[in-house]
Amino acid sequence: MKRLACLLGLLIPVGAAAQRLDDSQSPQQQVDVNLQWQYPDHVEQLDDGQFNATVAHIDRYELRLNTAAQKGTTARIYLGLPVVIRGLDDPGAVRLSWTGHGTFADGTVTPGMRSLLYEGPITSDVMIDMLDFTIAIDGRSFRQPITIEPEYEIETVTP
Amino acid sequence: MPRPAPLLCRSLRLVLPAVCLLIVAGGLRAASFRVQNGPTPSVSLTVGSSGAAIDQVSFQVGSGQLGNGQPVTGSPAIRITVTNRAVPPFSRTATLTMDSSTPLRNGTSELRFSTISWTSRSNRIPAGKFDDSSDQTLLTTDNPRNTGDVLQFRYANSSMLEAGVYSGRVTYTLTMP
């Protein structure tokens, strides 16, 4: 009896934990983006935050998530960012926002955070949507080429 | 009666599923967005009012005070704004220089610009005096910088001059390599 209680204690958290989703079917696996000044005009009137604000846009990024293992369940899918972003000396200096075109919800994340991308039944092996991404970076934290790797997680609500 | 498994074996049974999960998660590929370069570095300089107009500072010296050594304050004060934008890996130094090499003129009479000095309201731009050269440095700034100050000019009024109006122009140039 004592051994059973111990096993349950381990199994319940594992069953409820988020699992990484494979996005390797997305056609573009590495996207090179160009930063621009977010406020290019009337520069002398900007405060420090605006003066150093940079932005990049990735339009119509085709996201394909492999949900074959969760097909037939109801689940929540999240988009998150790792805590550490290579190339930045301040993780708080980057913000990733996106707009979906039908399947996935809009959202915004900063490193170490995640945002709900989808909630509902998983009816196909691959979930697809076109996303418009915006990357906002405080230029003062830019130290070397930056790599941003969105992570996709799924939590099954009902088996 | 079966013997209980040694403690080490029981521990291995519990740990193994967790290890398997970690390996699967670590094997997933993830698409990435790569930012190689910062935005194009830029500088801007505004001397006086914005636009194409050239601001004019006037000093009124009465005949009774001419050359008495009492400085005469010019009007209006002039705001200078300097911006120097780049992200740190591409940082560079911008330099603000002045060309006062051509003296003020009144017909054939001349007045050197080194008779004119200035003070600044907040010391973001240092106080100083024109040196009659073509490349006097007023300020150097590293990126990123958005700075400015208001300069108040003064004529030294320490010598006698031919009566009349003396006019001249100082050119400010901001450069970034």
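Everything numeric here is computed off the predicted structure, so don't read it as measured data. Protein chains get the first letters and strands the later ones, always in sequence-line order, with residue 1 at the start of each.
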Atom group of [X] that falls short of 4.5 Å from chain B, counting heavy atoms:
X	result
A/Gln144	backbone
A/Glu151	neither
A/Ser26	neither
A/Leu46	both
A/Asn34	neither
A/Gln50	backbone
A/Gln30	both

When the 4.5 angstrom heavy-atom criterion is applied to B/Asn146 and chain A, the contacting part is both

Applying a strict 4.5 Å limit to non-hydrogen atoms, the region of B/Arg145 in contact with chain A is backbone

Donor-acceptor contact present, side-chain [X] to main-chain [Y], <3.5 Å:
X	Y	value
B/Arg112	B/Glu110	no
B/Gln65	B/Gly62	yes
A/Trp37	B/Thr40	yes
A/Asp129	A/Leu131	no

State whether a side-chain donor-acceptor pair under 3.5 Å links [X] with [Y].
X	Y	result
B/Asp149	B/Ser122	yes
B/Ser49	B/Asp55	yes
A/Thr108	A/Arg95	no
B/Ser114	B/Asp131	no

When heavy-atom pairs shorter than 4.5 Å are enumerated against chain A, which of [options] gives the highest number?
options	result
B/Gly148, B/Gly38, B/Ser91	B/Gly38
B/Ser42, B/Pro88, B/Ser50, B/Ser44	B/Pro88
B/Pro39, B/Ala86, B/Pro144	B/Pro39

